[in-house]
Amino acid sequence: MGELSILHMNKGEGEASYAKNSTIQRQIISYGKTVMEKAVYRAVENSLPKSVGVADLGCSSGPNTLMAVSEIIDNVRGTCREIGLPVPELRVVLNDLPGNDFNYLFMSLPEFSTNLSKNKGIASDRCFISAMAGSFYGRLFPKNSLHFVHSSSSLHWLSQVPSGLEKSGEHLNKGKIYISKTSPKFVVDAYLRQFERDMWVFLRSRAVEVVAGGTMVLSFMGRASPDASAEVGSHQWELLAHALMAMAKEGIVEEEKIDSLNAPYYAPSAEEMRNVIEEEGSFVVNHISALEIGWDGGLVLDNINSNVDFDESSKPLKVTKIIRAVVEPMMESHFGAQVMDDLFTRYHGLLQDYFSKTIAKHINLLVSITRKF
Amino acid sequence: MDLEKAFHMKGGLDETSYTKNSALQKRGADTVRHITLESIEKLIMETRPKSMGIADMGCSSGPNTLSNVKEIIAAVEDTCRKIGDAAPEFRVYLNDLPTNDFNTIFQALPDFYREFNAGKDHDRRPLYVAGFPGTFYGRIFPDNCLHLVYSSYSLHWLSRVPLGIYDERNLSINRKSIYISTRSESGVWEAYYKQFQEDFSLFLKSRCEEVVNGGKMVLIFLGREGPCHVDRGISLLWELLYQSLATLVDRGEVEVGRLESYEVNFYAPSKEELEDEVRKQGCFKIEVVHKFHMDRDATASNSISYGNAVAKAVRSIQEPMISHHFGHGILDKLFHLYGKLVDQEMVKDHITSTSIVLVLTKS
């Protein structure tokens, strides 16, 4: 339960905020553009609704949120125009945990609405934007109220730290904060089990809320290898653990605190994801793909990372800030605010080293599914 | 003045927040609770909804927000029990300006849901609470989704300082006051009244499309006793705030031009003015229109004077606007002076603020 309250990104719009450091997440949303367009088309075509419900799950707080919403609105209108349907009423719901900085997000809404009416001709009485705070691992919305669901860079977060990582007070994932090559098998199993349980609940909840024929586009961190401790998919946590262990050796943090910290996170393989979808049974898979992206968000094609930033030397710092914006609240609550600067300075050093030796990659899973009839 | 950015109650949870200083508003709403409950009972009996939309407009951010929701839900469930109906599914729509502190409300939701679900039988229907940021002078909610609109102590806030208050040179025609006062030139109260009419009729028109046939609105406002704008009610409280600011001008701590240009986006309507607008707009039928006063003794505590209690309440309401216009530096001094002035006035005679509750049905 404690995790839920500290699982939020760095608030506001300061230097270290998520709002100012979420370029990779923005890139990820744009990579899913075509898949999203097709999914929205399918959803509208399937139900020809007069009032369309659209939800963004794990909306966070920053410019990416409204960018995604804007895309979705464009897609709905585009589809309606194409199939000759009058533009329906649009109900857009933004969801994230109660600790999310909704206030900051809402501050951009007036301008967003004005843009909608000025530039897209969407009158204020046709599009209604609201927020629903709560965990998406469970019911959030009224039955049959949604036609399209989007979720980006959120579903790799579990509902809790996997149960079973502690036995009779002993921490079983010592010196690590996620799955690692040295993690015992039952740690890996515990993580997989938690993912399967959570994703099943996620799908089952949405199955009630999404109309038959409605679609979902889910985009989150995954991995290519069947081995959960593979480097691609876990290394960002590995390096964080390295930095923390170095601090423990110098007596700056307690090693026991590192042992007791485990990220409520899981990067599944496409196969693991497909298995849960099929097991839960309410959705049909349209598309699952795994995209290789650099740690800065640029695409990795032919093993060449097309940089988002042309300045190679600033990449480690940029990536440090991106990761810090995401994990700092969790780290801070566990180790204290005083050691954060030290932690991320060390992390930056580790990234510089890592980037000099490797093309650092993530796998981003893009999943498009339709609610069965 | 950029109202959209500056106008909101003081957020957060500290001593000077709206959360900690909205007891007066709670008191007011409690005074007419029986009217609210009766209206809900009638609503349920007349519409028998299976899925009920409840909106709180100007929900702000404090204990009153979720306690209002709780009370309304309880009233609905009681009525359903009485008539042998199952309780409906509840869709709760919390609305306030985008600058409102929604984070604090959302953070209180997990406990709220837990309480709602505790000790209930398995037949309990679901509860969905969502935040809808935006001005209620205009559409906020989808078509036909509401059975009940509740708004407590929000509709006396205008969408802006009345247009007619600033002349072609952008100077205020109401330089010697911050609201309507004995020193206000002619044209001032007319400008305020006109703005109220525009705003309130737009409110009614917008809600008309969102409320189902037979749906009801329970609206509680600050108002005034009679046709006269200047009385020993709200207008006096604004006057005392003006005088406190004027004292700071005399002391050289506030620039006179700043005070001259400060006007509040507020209007205290009379019962008749409300009735006129509702009738003109035509969508709603008036069920109840009732003037009432708050018992001032009930709000005073042993540790601080009534004057200071009022000062704290006014501060939590006005602080963001005053900081925006005058800067943070004068806040403590200003409200200290204000508390003293209110106490002095109370010694002379009561300050009785008038409230009005309006119950409307969409015919």
Side-chain angles (χ1 to χ4, degrees), chain A residues 1 4-6 8 11-12 49-55 59 61 88-114 117 122-135 138-146 205 208-209, chain B residues 2-5 7-8 11-12 50-53 55 61 88-114 117 125-135 137-146 202 205-210:
Chain A
M1 186 39 80
L4 269 189
S5 59
I6 41 94
H8 59 79
K11 297 189 183 203
K50 286 210 187 68
S51 169
V52 171
V54 159
C59 63
S61 174
E89 167 186 88
L90 277 158
R91 291 171 285 111
V92 178
V93 191
L94 305 172
N95 156 261
D96 210 302
L97 291 171
N100 183 48
D101 194 355
F102 285 101
N103 287 354
Y104 178 70
L105 180 54
F106 289 171
M107 269 162 38
S108 338
L109 279 181
E111 198 184 314
F112 184 74
S113 302
T114 310
S117 56
I122 300 179
S124 62
D125 65 344
R126 292 291 89 209
C127 181
F128 306 100
I129 304 181
S130 61
M132 181 68 91
S135 166
R139 288 289 308 286
L140 283 171
F141 312 106
K143 219 168 115 153
N144 288 323
S145 59
L146 300 176
S205 306
V208 176
E209 298 161 352
Chain B
D2 198 348
L3 204 72
E4 257 179 41
K5 295 210 170 71
F7 183 62
H8 56 88
K50 287 218 164 45
S51 170
M52 181 174 178
S61 167
E89 161 187 276
F90 292 104
R91 290 171 284 111
V92 177
Y93 303 73
L94 298 177
N95 157 257
D96 210 301
L97 290 171
T99 43
N100 183 48
D101 183 7
F102 279 95
N103 284 354
T104 300
I105 305 177
F106 289 151
Q107 279 155 28
L109 277 181
D111 282 342
F112 183 74
Y113 284 130
R114 228 180 317 242
N117 287 318
R125 303 266 196 112
L127 164 68
Y128 307 98
V129 181
F132 279 75
T135 169
Y137 296 121
R139 287 291 302 276
I140 291 280
F141 309 116
D143 292 351
N144 287 315
C145 63
L146 302 175
L202 180 55
K205 176 166 181 276
S206 309
R207 304 295 80 75
C208 187
E209 290 162 64
E210 299 161 350

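Each chain gets a letter, A, B and so on, in the order its sequence line appears, and its residues count up from 1.
When heavy atoms are compared at a cutoff of 4.5 Å, K11(A) approaches chain B solely by way of its side chain, counted from C-beta outward. Residue contact with chain B, scored on non-hydrogen atoms closer than 4.5 Å, involves the backbone of L140(A) exclusively. Residue F141(A) touches chain B through its backbone alone, counting heavy-atom pairs closer than 4.5 Å. With a 4.5 angstrom heavy-atom cutoff, I140(B) touches chain A only via backbone atoms. Contact annotation for D143(B): both backbone and side-chain heavy atoms come within less than 4.5 Å of a heavy atom of chain A. Interface residue D101(A): backbone and side-chain heavy atoms are both found under 4.5 Å from chain B. Of the atoms belonging to I129(A), it is backbone heavy atoms, and not side-chain ones, that fall under 4.5 Å from chain B.
The candidate with the highest count of non-hydrogen atom pairs below 4.5 Å against chain B, out of A131(A), S108(A), A133(A), C127(A), is A131(A).
Across N103(B), I105(B), D101(B), a single residue satisfies side-chain contact (heavy atoms from CB on, under 4.5 Å) together with F102(A), and that is N103(B).
Considering all non-hydrogen atoms of both residues, M132(A) and Y113(B) come closest at SD-OH, 4.4 Å. In terms of heavy-atom proximity, S130(A) sits nearest to P133(B) at CA-CD, 4.5 Å. Minimum heavy-atom separation, F106(B) to P98(A): O-CB, 3.3 Å.
Side chain of E89(A) to main chain of P142(B): no donor-acceptor pair is present (N/O by atom type, distance under 3.5 Å, no hydrogens or angles).
Remark: N100(B) CG to N103(A) CG distance equals 7.5 Å, nearest 0.5 Å. In this structure, L97(A) CG and Q107(B) CD are separated by 11.0 Å, a value rounded to the nearest 0.5 Å. Within the model, atoms SG of C145(B) and CZ of R91(A) stand 9.0 Å from one another, a figure rounded to the nearest 0.5 Å.
Residues satisfying the ring pair (Phe, Tyr, Trp, His ring centres under 6.0 Å) test with Y93(B), not counting sequence neighbours, are F132(B), F141(B). Residues meeting the ring pair (Phe, Tyr, Trp, His ring centres under 6.0 Å) test with F128(A), sequence neighbours left out: none.
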